[in-house]
Engineer: 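Here's a structure for you.
The chains referred to below are lettered A, B, ... by the order of the sequence lines, with proteins before strands, and numbering in each begins at 1.
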Amino acid sequence: MSKFLPKRDEDYSLWYNELVKKADLAENSAVKGCMVIKPYGYSIWEKMQSILDTKFKETGHTNAYFPLLIPKSYLSKEASHVEGFAKECAVVTHYRLKNDPNGKGVIVDPDAKLEEELIIRPTSETVIWSTFKNWVQSYRDLPLLINQWANVVRWEMRTRLFLRTAEFLWQEGHTAHATKEEAIKETETMLDIYAEFAEQYMAMPVLRGIKTANERFAGAEETYCIEALMQDGKALQAGTSHFLGQNFAKAFEVKFAPKEGKLDYVWGTSWGVSTRLMGALIMAHSDDEGLVLPPLLAPIQVVVVPIFKNEEQLQSIRVKIDPLIKELRQKNISVKFDDRDTQTPGFKFADYELKGVPVRIAIGPRDVENNTLEIARRDTKEKKSIPADTASGEIEALLKDIQLNIYQKALAYRNTHTTEVNSYEEFCNVLDTKGGFILAHWDGTSETEQKIKEDTKATIRCIELNTKQEAGKCILTGKPSTQRVVFARAY
RNA sequence: CGGGGUGUAGCGUAGUCCGGUCAUCGCGCCUGGUUUGGGACCAGGAGGUCGCAAGUUCGAAUCUUGCCACCCCGACCA
């Protein structure tokens with residue numbers, strides 16, 4: 001048991017915060033709500049980026065970069081969009097500072113007031129669609145499949161490292177299509193990419209669904225999402241893909257000449273995942289000893305801790321272990337050999353557990369003599385001694401097994417924390433006792449959803465895709481319903 | 001912005017009621033030695049405008065006033 005981390009079941013959010021800091025992932029900065037992503041945390045994000053970026057390119061998208069600052073007037077061109085974001089925009093009003101004539105420091109130069117204020121992007125639809133206007137004339141220019149990796153700023157009231165920060169890193173895809181069908185297909189394709197990434201790489205099962213009108217992206221016709229379940233029974237929206245209809249095309253006058261017929265507005269989509277995925281990854285698998293990282297995203301997949309009393313012993317360990325390290329690296333497995341003599345082995349064991357390194361190899365004089373290694377897996381903390389000669393294959397298999405095992409563990413948790421309920425009383429009871437996803441009938445109105453939210457803080461996370469049709473009665477109003485929807489308390 | 005709370009070394013803290021050898025302790029850091037198969041030990045050492053400013057006082061971490069920052073709960077949200 002770690003003496004250094006709070007326990008999950010005692011104070012989950014304290015555990016999360018401390019883990020993020022102690023595992024060297026991120027820390028708070030001088031500006032409230034903004035975080036410093038530390039090298040270890042950033043290297044996990046880089047892995048996520050690189051995998052997603054490859055998937056985006058494989059599906060025909062190309063990267064571009066649009067500016068951070070957006071003229072204020074752009075934001076108001078799409079009515080529901082501005083309504084959704086206006087309350088959390090940082091605004092640039094001046095372009096110069098000057099020395100404070102009354103003393104030390106600098107002040108904003110009142111003479112340097114901008115004619116039109118600039119908004120720091122909370123998302124880039126407006127600036128991108130104003131650009132798309134110039135890029136699209138003909139059906140030959142479509143589809144336009146653009147992605148950008150960027151930072152955005154949303155001035156949130158309450159922030160938490162990775163889960164909700166005032167500035168965050170993300171990717172935002174923005175596409176334009178000739179037909180509605182094609183745009184919807186794109187929206188669904190990108191949702192699938194997110195879901196596959198979450199499940200295959202993050203080892204985190206997700207529900208795929210659509211949002212209700214209440215939870216829809218400001219300016220979208222339909223918002224698709226992936227929803228994950230965290231270990232405290234709360235849901236986390238892990239990615240969204242929006243079908244924008246012709247809303248932004250109309251707002252920014254993006255028309256094209258089709259093969260046949262008259263000039264028409266294009267159909268749009270946008271989709272994004274953010275550094276919030278880091279929060280999801282941390283909460284999905286980690287335990288009271290620290291992070292548990294899926295091998296496919298772990299910056300260090302295997303750490304070797306030599307146990308030695310002197311330089312001579314270390315040397316004999318090196319000779320023994322070097323071929324294995326080379327062999328693993330040839331298999332594209334990242335290996336760290338930690339031969340620091342400034343920390344004890346016990347310290348290193350605990351430290352790499354805190355950092356979530358999936359596999360640890362310990363090797364000391366005894367092993368050198370017996371031609372063995374001790375390998376330990378982070379997910380189950382099982383240790384065993386194995387012959388050194390077959391270690392490479394065994395470790396390779398072990399990494400695969402860990403990846404699978406933590407996925408199944410998360411899936412099993414989700415299964416036991418997904419409950420069908422048929423009355424409001426039962427609903428409230430499950431919500432307060434075990435949390436998780438709650439499948440219940442709903443009459444389809446925003447009023448009912450709103451009332452339930454006010455009562456219980458639970459929201460409809462999504463209406464699952466391909467959900468089975470089933471006659472029932474709304475848990476609140478008793479009105480008829482044709483399918484269950486997914487409720488949960490959420491981050 | 002409402003309600004509650006907290007600011008003392010890199011981190012975590014004692015002391016604040018009742019002003020005066022009071023700047024405490026632990027972790028971490030540095031030096032030396034002994035250690036090293038699950039977060040080592042001993043000895044020595046460095047490190048502080050006690051959040052900021054003004055005031056009361058012979059004297060303020062401690063009392064008064066103002067300001068600032070952060071945390072928790074709510075409204076808002078990827």
Side-chain angles (χ1 to χ4, degrees), chain A residues 1-6 11 13-14 17-18 21-22 27-34 83-89 122-123 150-172 194 211 214-218 220 223 225-228 235-242 270-280 289-290 305-311 313-314 317 338-355 360-370 372-374 376 381 383 385 453-454 457 459 461 490-491:
Chain A
M1 282 286 134
S2 170
K3 298 174 277 191
F4 301 89
L5 264 188
D11 190 337
S13 70
L14 186 65
N17 269 318
E18 288 296 301
K21 286 186 257 187
K22 296 226 158 90
E27 62 190 34
N28 284 308
S29 75
V31 177
K32 178 184 159 79
C34 294
E83 200 187 315
F85 286 103
K87 283 176 286 184
E88 51 190 41
C89 284
T123 179
N151 58 340
V152 289
V153 169
R154 297 182 188 174
W155 212 267
E156 301 287 354
M157 298 292 191
R158 297 191 57 206
T159 57
R160 293 189 70 194
L161 292 167
F162 289 120
L163 294 174
R164 183 170 300 108
T165 46
E167 178 190 6
F168 57 93
L169 305 184
W170 75 346
Q171 61 66 220
E172 44 180 327
Y194 289 155
K211 288 290 186 191
N214 278 2
E215 302 279 323
R216 197 175 288 153
F217 175 74
T223 287
C225 64
I226 53 171
E227 290 283 329
L236 183 77
Q237 179 175 310
T240 47
S241 183
H242 314 292
S270 68
W271 28 274
V273 293
S274 71
T275 36
R276 175 179 249 201
L277 287 180
M278 293 286 295
E289 267 66 54
V305 178
I307 294 152
F308 58 98
K309 294 193 204 307
N310 52 51
E311 186 57 35
Q313 285 184 348
L314 177 59
I317 289 168
D338 186 354
D339 61 355
R340 287 176 299 170
D341 61 0
T342 50
Q343 315 290 347
T344 62
F347 177 90
K348 292 177 187 173
F349 291 172
D351 197 45
Y352 290 112
E353 275 162 16
L354 179 62
K355 297 237 167 75
R360 181 187 71 227
I361 300 174
I363 172 169
R366 242 159 40 205
D367 297 299
V368 172
E369 198 176 313
N370 301 333
T372 57
L373 302 169
E374 181 194 80
K381 295 198 214 63
K383 292 192 283 193
S385 189
K453 183 179 178 181
E454 281 162 19
K457 291 185 193 165
T459 50
R461 301 320 303 156
Y491 277 97

Engineer: To the nearest 0.5 Å, what is the distance between CG on A/Leu169 and CE on A/Met278?
Structural biologist: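 Interatomic distance, A/Leu169 CG to A/Met278 CE, rounded to 0.5 Å: 10.0 Å.
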Engineer: Under the side-chain hydrogen bond (donor to acceptor under 3.5 Å, both in side chains) rule, collect the residues that match up with A/Arg276, sequence neighbours excluded.
Structural biologist: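 A/Arg276 satisfies side-chain hydrogen bond (donor to acceptor under 3.5 Å, both in side chains) with no other residue.
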Engineer: Between the protein and nucleotides 67-71 of chain B, list every N/O to N/O distance that falls short of 3.5 Å.
Structural biologist:
| residue | atom | partner | partner atom | Å |
| --- | --- | --- | --- | --- |
| B/rC71 | OP2 | A/Lys32 | NZ | 3.4 |

Engineer: For RNA chain B, what dot-bracket results from Watson-Crick or G-U pairs at under 3.5 Å, with [ ] for crossers and | for inter-strand partners?
Structural biologist: (((((((..(((.......[....))).((((((.....)))))).....(((((..]....))))))))))))....
Engineer: Do A/Val152 and A/Glu172 have side-chain heavy atoms sitting under 4.5 Å apart?
Structural biologist: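 Heavy-atom side-chain distance check passes, below 4.5 Å.
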Engineer: Taking atom NZ of A/Lys381 as the centre, report whether more than 12 heavy atoms of other residues, nucleotides or ligands fall under 6.0 Å from it.
Structural biologist: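 Yes, NZ of A/Lys381 has more than 12 neighbouring heavy atoms, counting only those of other groups under 6.0 Å.
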Engineer: Expressed as a whole number of Å, how far does the C1' atom of B/rA53 sit from that of B/rG10?
Structural biologist: 26 Å
Engineer: Rounded to the nearest 0.5 Å, how far does OG of A/Ser274 lie from CG of A/Asn151?
Structural biologist: 12.5 Å
Engineer: For nucleotides B/rG51 and B/rU62, find the distance between their C1' atoms and express it as a whole number of Å.
Structural biologist: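 About 15 Å, rounded to a whole number of Å.
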Engineer: Could you check whether any side-chain heavy atom of A/Thr159 comes within less than 4.5 Å of a side-chain heavy atom of A/Asn28, counting everything from C-beta outward?
Structural biologist: no
Engineer: Between B/rG47 and B/rC25, how far apart are the P atoms? Round to whole Å, please.
Structural biologist: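 16 Å, rounded to whole Å.
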Engineer: Suppose you measure atom C1' in B/rC30 against the same atom in B/rC72; what distance do you get, rounded to whole Å?
Structural biologist: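 Looking at atom C1' only, B/rC30 and B/rC72 are 38 Å apart.
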Engineer: Rounded to whole Å, how long is the line connecting atom NZ of A/Lys21 with atom C1' of B/rC11?
Structural biologist: 10 Å
Engineer: Please classify the nucleic acid contact of A/Glu156 as base, sugar-phosphate, or nothing, using heavy-atom distances under 4.0 Å.
Structural biologist: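 Base contact.
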Engineer: Apply side-chain hydrogen bond (donor to acceptor under 3.5 Å, both in side chains) to A/Tyr352 and list each qualifying residue two or more places apart in sequence or on a separate chain.
Structural biologist: A/Lys336, A/Asp338
Engineer: So, A/Glu289 side chain and A/Ala350 main chain: donor-acceptor pair closer than 3.5 Å or not?
Structural biologist: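 Not at all, since once roles are kept as given, no pair shorter than 3.5 Å links the two residues.
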Engineer: Name the nucleic acid region contacted by A/Phe168, choosing base, sugar-phosphate or nothing; use a 4.0 angstrom heavy-atom cut-off, strictly under.
Structural biologist: base
Engineer: Pick the C1' atom in B/rA14 and in B/rC50, then give their distance to the nearest Å.
Structural biologist: 12 Å
Engineer: Would you measure the distance from the C1' atom in B/rG2 across to the matching atom in B/rC18 and give it in whole Å?
Structural biologist: 35 Å
Engineer: Please state how far atom CG in A/Asp351 lies from atom P in B/rA40, giving the value in whole angstrom units.
Structural biologist: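 From A/Asp351 CG to B/rA40 P: 11 Å.
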Engineer: According to salt bridge (Lys or Arg N to Asp or Glu O under 4.0 Å), does anything in residues 361-370 of chain A pair up with another residue at least two apart or in another chain? List the pairs.
Structural biologist: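 Listed once each, the pairs would be none.
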Engineer: Between B/rG28 and B/rG39, how far apart are the two C1' atoms, rounded to whole Å?
Structural biologist: 13 Å
Engineer: Between A/Arg160 and A/Thr165, just flag the one whose closest nucleotide in RNA chain B comes earlier from the 5' side.
Structural biologist: A/Arg160
Engineer: Just so I know, are the side chains of A/Arg360 and A/Lys383 near enough to count as touching, which here means a heavy-atom distance under 4.5 Å?
Structural biologist: yes
Engineer: Detail all sub-3.5 Å separations between protein N/O atoms and N/O atoms belonging to nucleotides 28-38 of chain B.
Structural biologist:
| residue | atom | partner | partner atom | Å |
| --- | --- | --- | --- | --- |
| B/rU36 | O4 | A/Lys309 | O | 3.3 |
| B/rG37 | O6 | A/Gly364 | O | 3.3 |
| B/rG37 | O6 | A/Pro365 | N | 3.2 |
| B/rG37 | O6 | A/Arg366 | N | 2.6 |
| B/rG37 | O6 | A/Asp367 | N | 3.3 |
| B/rG37 | N1 | A/Gly364 | N | 3.4 |
| B/rG37 | N1 | A/Asp367 | OD2 | 2.4 |
| B/rG37 | N2 | A/Asp367 | OD2 | 2.9 |
| B/rG38 | N7 | A/Lys383 | NZ | 2.9 |
| B/rG38 | O6 | A/Glu353 | OE2 | 3.4 |
| B/rG38 | O6 | A/Arg360 | NH1 | 3.2 |
| B/rG38 | O6 | A/Arg360 | NH2 | 2.5 |
| B/rG38 | N1 | A/Glu353 | OE1 | 3.4 |
| B/rG38 | N1 | A/Glu353 | OE2 | 2.6 |
| B/rG38 | N2 | A/Glu353 | OE1 | 2.6 |
| B/rG38 | N2 | A/Glu353 | OE2 | 3.4 |

Engineer: Using the P atoms only, state how far B/rU31 lies from B/rA23, rounded to an integer number of Å.
Structural biologist: 29 Å
Engineer: Counting any heavy atom closer than 4.0 Å, what does A/Leu236 reach on the DNA or RNA strands: base, sugar-phosphate only, or nothing?
Structural biologist: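 The residue A/Leu236 makes no contact with any strand.
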Engineer: Could you check if a side-chain atom of A/Asp341 sits within less than 4.5 angstrom of a side-chain atom of A/Glu311, using non-hydrogen atoms only?
Structural biologist: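 They are not in side-chain contact.
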